[in-house]
*Asks:* 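One structure, pasted below without further comment.
Just the heavy atoms: all of them, side chains too, but no hydrogens, waters or symmetry mates, feed the values below. Quantities reported herein were computed from a predicted structural model and do not represent experimental measurements.
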Amino acid sequence: MFKKQIQRKLESYVRSYFKKHPEVKLVAVAGSLGKTSTKIAIATILSEQYRVRLHEGSRSTSLGAPLAVLGIEYPKNGGLFAWSRVFRAARRRIRQPADVDVIVQELSTTGPGAMARYGKYLLPDIAVITAVSTERMHVFSTIEAVAQEELAVAQFSRLAIINRDDIDGRHANYLTNGNLTTYGTSAAAEYSFITEDFSPEIGHVGLLVAPDSEQPLSVTIRATGEHNLRPAIAAAAVGYKLGMNAAAIVKGLARLSPLAGRMNILKGVKQTILIDDTYSSSPLSAASALQTLYTFQAPQRIAVFGSMNNLGASSQKEHETLGGMCDPNMLGWVVVIGDDAARYLAPVAKSQGCQVMVCANALEAGSFVHKVLESDAAILFNGSDADVYCEEALKIVLHAADDDALLVRQSPTWLAEKNTFFSKFA
């Protein structure tokens, strides 16, 4: 009851804030995956021309989202006195002149109906919906239920910008908001990108196509993998819709850089190229990451896959599908970590003709990769967090120990949690 009362209070403060400051624009980011990369890309580009508020963490819960919108830190102590201080800070925020022009807020769902709750107190000027996938099938029974939930944000937003590539067209019947546009890497999207050149050092050089511009813009986007271009394209679309000039958008795109654990290119031992995709894993991201690995010109390619978490009843099918994408002509080794990857992905990859190594944990996987890798190899590390921690496999083959800081989940709290987990295998 106490939590619900706090939630209602915070929601009322958010409504009061936007009533007092109608000039402040709200951009909401929702979707099955890619939200963090997309919201940071949007904030980076918008900051070229506007004052932007963004919470870089995942403050998208029922209590965290209103606080992030208001720019107030979540209290460490959840007692009544701490929340009283939060309420005073919220009232001050409402009274004071607006300190931002745009707020970029991630909206996550915990289950059916959670997205609609945001509509009780938020009216986004723009909603960006990044994907509909099977990533949260432990909560939703069908992909249609996922689509209905994630697309709900479009219904209470003034404009919806939809990922044309990662949202199946059959889900369009869940969209009743007629004011929408699309983005993606395919030409079918209204905002799209044409790659003219790519290198791991520079990224993608090409043309940004937008209905707001008579001619495509020549831009450079530091990203690896086609799927990692999409957050940048979404950000450019938001920039155009909020009235940014083309020069500012081009400059903002040039400032983008890969986030830790999201297809970040790192140097490994023996002049190897490490593709760090260890932040999380889903069927869409894992498949895209593998296709990207195939484009690297290298004498040896190794794919390290951790189990994809939170897939529920679809886990077997999705792991088997990924195993079927493993091509023995393109891969020297497929290394797997975790129960579902071992049970479902590994046998299919082996039946394809791949050399497969099943490892008990990420530390064992890293040691194996270190043993079999060849000079100048390209190695993909893709995995989820809980019970996988694929970043710890990658850490073993890094060129420099100092590069540990570039990996995900390296805080003292995370390291302690992982030490506890790996101690089970000692």
*Asks:* Taking Ala154's backbone N and O only, do any of them form a donor-acceptor pair with Ser157's side chain (distance below 3.5 Å, no angle check)?
*Replies:* no
*Asks:* Say whether, by atom type as modelled, one donor and one acceptor occur between the side chain of Asp125 and the main chain of Leu26 under 3.5 angstrom.
*Replies:*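 Yes, because the side chain of Asp125 sits within donor-acceptor range (under 3.5 Å) of the backbone of Leu26.
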*Asks:* Please check if the side chain of Asp168 supplies one atom and the backbone of His171 the other of a donor-acceptor pair under 3.5 Å.
*Replies:*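 Flag not set: sc Asp168 to bb His171 has no pair under 3.5 Å.
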*Asks:* With rounding to the nearest 0.5 Å, note down the distance linking CG in Leu122 to CE in Met115.
*Replies:*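 It is 11.0 Å, given to the nearest 0.5 Å.
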*Asks:* Looking at every non-hydrogen atom in both residues, tell me the closest pair between Ile129 and Tyr183 and how far apart they are.
*Replies:*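 Here Ile129 and Tyr183 meet closest at O-OH, 3.7 Å.
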*Asks:* Verify, without hydrogens or angle tests, whether Asn228 (side chain) and Ala223 (backbone) share a donor-acceptor contact under 3.5 angstrom.
*Replies:* no
*Asks:* Just one of Leu67, Ile103, Val69, Ile94 clears the side chain to side chain contact (heavy atoms under 4.5 Å, CB included) bar with Val14, so which one?
*Replies:*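 Testing Val14 for a side chain to side chain contact (heavy atoms under 4.5 Å, CB included) against Leu67, Ile103, Val69, Ile94 leaves exactly one candidate, Val69.
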*Asks:* If I take atom CD1 from residue Ile162 and atom OG1 from residue Thr182, how far apart are they, to the nearest 0.5 angstrom?
*Replies:*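 Going from CD1 on Ile162 over to OG1 on Thr182, the span is 8.5 Å.
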*Asks:* Leu10 versus Trp83: any side-chain heavy-atom pair under 4.5 Å?
*Replies:*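 Touching, per the 4.5 Å side-chain cut-off.
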*Asks:* In terms of side-chain heavy atoms, does Gln410 have a donor or acceptor partner in Asp404 at a distance below 3.5 Å?
*Replies:*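 The answer is no; no qualifying pair exists.
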*Asks:* Looking at Leu54 and Ala43, what are the two nearest heavy atoms and their distance?
*Replies:* CD2-CB, 3.5 Å
*Asks:* Does a side-chain heavy-atom distance below 4.5 Å link Leu217 with Leu253?
*Replies:*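 No; the side chains remain at least 4.5 Å from each other.
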*Asks:* Go through the structure and list residues passing ring-ring contact (aromatic ring centres under 6.0 Å, His included) with Phe18, not counting sequence neighbours.
*Replies:*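 Phe18 satisfies ring-ring contact (aromatic ring centres under 6.0 Å, His included) with no residue once adjacent residues are dropped.
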*Asks:* Consider side-chain hydrogen bond (donor to acceptor under 3.5 Å, both in side chains). Of Glu11, Lys9, Lys4, which one does Gln7 pass it with?
*Replies:*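 It is Glu11; the other options fail the test.
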*Asks:* Hey, could you give me the CD1/OG distance between Ile42 and Ser37, rounded to the nearest 0.5 Å?
*Replies:*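 Here the rounded value is 11.0 Å.
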*Asks:* Would you call Met308 and Leu322 a side-chain contact if the rule is heavy atoms closer than 4.5 Å?
*Replies:* yes
*Asks:* Set out, in order, the CA-CA distance, both residues' side-chain angles and the distance that settles side-chain contact (heavy atoms from CB on, under 4.5 Å) for Leu63 and Lys3, then state yes or no.
*Replies:* CA-CA 8 Å; Leu63 298 182; Lys3 180 180 177 181; 4.0 Å; yes
*Asks:* Is there a side-chain contact between Ser280 and Leu33 in this structure, where contact means two heavy atoms from C-beta onward sitting under 4.5 Å apart?
*Replies:*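 Heavy-atom side-chain distance check fails, nothing below 4.5 Å.
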*Asks:* Please tell me if the side chains of Leu207 and Ser218 come closer than 4.5 Å, counting only heavy atoms from C-beta onward.
*Replies:*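 A side-chain contact exists here, since the closest heavy-atom pair is under 4.5 Å.
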*Asks:* Starting at CG of Leu380, measure out to CD of Gln291 and round the result to the nearest 0.5 Å.
*Replies:*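 CD of Gln291 is found 11.0 Å from CG of Leu380.
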*Asks:* Test your reading of the model: is there a side-chain donor-acceptor pair from Ser213 to the backbone of Val209, 3.5 Å cut-off?
*Replies:*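 The answer is no, because no donor-acceptor pair under 3.5 Å joins these two groups.
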*Asks:* Less than 4.0 angstrom from a charged side-chain N to a carboxylate O is my criterion; do Arg164 and Glu190 meet it?
*Replies:*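 No, no charged N to carboxylate O under 4.0 Å.
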*Asks:* Is the shortest side-chain heavy-atom distance between Asp166 and Ser133 below 4.5 Å?
*Replies:*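 No, their side chains stay 4.5 Å or more apart.
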*Asks:* Please report the interatomic distance CD(Glu318) to OG1(Thr134), rounded to the nearest 0.5 Å.
*Replies:*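 Result: 3.5 Å between the selected atoms.
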*Asks:* Which is it for Ile265 and Phe296 under the side-chain contact (heavy atoms from CB on, under 4.5 Å) test, yes or no, and what are the steps along the way?
*Replies:* CA-CA 12 Å; Ile265 302 298; Phe296 277 65; 4.0 Å; yes
*Asks:* Scan for salt bridge (charged side-chain N to carboxylate O under 4.0 Å, His left out) pairs involving residues 82-96, sequence neighbours excluded, and state none if there are none.
*Replies:* Arg93-Asp99
*Asks:* Do the side chains of Lys241 and Thr181 get nearer than 4.5 Å, heavy atoms only?
*Replies:* yes
*Asks:* Decide side-chain contact (heavy atoms from CB on, under 4.5 Å) for Val153 and Tyr118; before the verdict, give the C-alpha distance in whole Å, the side-chain angles of both, and the deciding distance to 0.1 Å.
*Replies:* CA-CA 8 Å; Val153 65; Tyr118 295 115; over 6 Å; no
*Asks:* When the ring planes of His319 and Tyr344 are compared, do they come out parallel, tilted or perpendicular, using 30° and 60° as the limits?
*Replies:* tilted
*Asks:* Out of Thr224, Thr220, Thr195, which one pairs with His204 under the side-chain hydrogen bond (donor to acceptor under 3.5 Å, both in side chains) rule?
*Replies:*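 When Thr224, Thr220, Thr195 are each tested with His204, the side-chain hydrogen bond (donor to acceptor under 3.5 Å, both in side chains) holds only for Thr195.
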*Asks:* Which heavy atom of Ala236 sits nearest a heavy atom of Ile45, and at what distance?
*Replies:*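 Scanning both residues completely, I find the closest heavy atoms to be N-CD1, 3.9 Å.
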*Asks:* With Asp212, which residues qualify under side chain to side chain donor-acceptor pair (under 3.5 Å), at least two apart?
*Replies:* Tyr191
*Asks:* Glu417 and Tyr389: side-chain donor and acceptor closer than 3.5 Å?
*Replies:* yes
*Asks:* Give the ring-plane orientation class for Phe422 versus Phe425, where under 30° counts as parallel, over 60° as perpendicular and anything between as tilted.
*Replies:*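 Ring orientation of Phe422 relative to Phe425: tilted.
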*Asks:* What pairs with Asn264 under side chain to side chain donor-acceptor pair (under 3.5 Å), at least two apart in sequence or on another chain?
*Replies:* none
*Asks:* Please check: side-chain N/O of Tyr50 versus main-chain N/O of Leu242, any donor-acceptor pairing under 3.5 Å?
*Replies:* yes
*Asks:* Taking the side chain from Asp276 and the backbone from Leu266, do they hold a donor-acceptor pair closer than 3.5 Å?
*Replies:* no
*Asks:* Between the side chain of Asp277 and the main-chain N/O of Asn382, is any donor-acceptor distance below 3.5 Å?
*Replies:*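 No.
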*Asks:* If the test is side chain to side chain contact (heavy atoms under 4.5 Å, CB included), which one of Thr278, Leu363, Asn361 qualifies with Glu392?
*Replies:*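 With Glu392 as partner, side chain to side chain contact (heavy atoms under 4.5 Å, CB included) holds for just one option, Leu363.
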*Asks:* Any idea which heavy atoms bring Leu311 and Pro283 closest together, and the distance?
*Replies:*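 Minimum heavy-atom separation between Leu311 and Pro283: CD2-CD, 3.8 Å.
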*Asks:* Could you pull out the closest heavy-atom pair between Cys359 and Ala365, with the gap in Å?
*Replies:*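 Taking Cys359 first and Ala365 second, the nearest heavy atoms are SG-CA, 3.5 Å.
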*Asks:* Between Leu274 and Leu398, what is the shortest heavy-atom contact and its length?
*Replies:*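 Scanning both residues completely, I find the closest heavy atoms to be CD1-CD2, 3.9 Å.
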*Asks:* To the nearest 0.5 Å, tell me how far Asp385 CG sits from Asn310 CG.
*Replies:*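 Reported to 0.5 Å precision, the distance equals 8.0 Å.
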*Asks:* Does the side chain of Thr109 come within less than 4.5 Å of Val139's, by heavy atoms?
*Replies:*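 With C-beta onward as the side chain, the pair stays apart.
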*Asks:* Suppose we screen for ring-ring contact (aromatic ring centres under 6.0 Å, His included). Which residues come up paired with His21, at least two apart in sequence or across chains?
*Replies:* Tyr17
*Asks:* Hey, does the side chain of Ser47 reach the backbone of Thr44 with a donor-acceptor pair shorter than 3.5 angstrom?
*Replies:*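 Yes: the side chain of Ser47 pairs with the backbone of Thr44.
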*Asks:* Any salt bridge (charged side-chain N to carboxylate O under 4.0 Å, His left out) involving residues 334-343? Give me the pairs, sequence neighbours left out, ordered by first then second residue.
*Replies:* Asp340-Arg343
*Asks:* Could you go through the side-chain contact (heavy atoms from CB on, under 4.5 Å) check for Phe305 and Val335 one step at a time?
*Replies:* CA-CA 6 Å; Phe305 289 117; Val335 182; over 6 Å; no
*Asks:* Do other residues, nucleotides or ligands put more than 12 heavy atoms under 6.0 Å from the CD1 atom of Ile202?
*Replies:*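 Counting neighbours around CD1 of Ile202, 12 or fewer heavy atoms of other residues, nucleotides or ligands fall under 6.0 Å, so no.
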*Asks:* Do side-chain atoms of Lys35 reach the backbone of Gly31 as a donor and acceptor pair under 3.5 angstrom?
*Replies:* yes
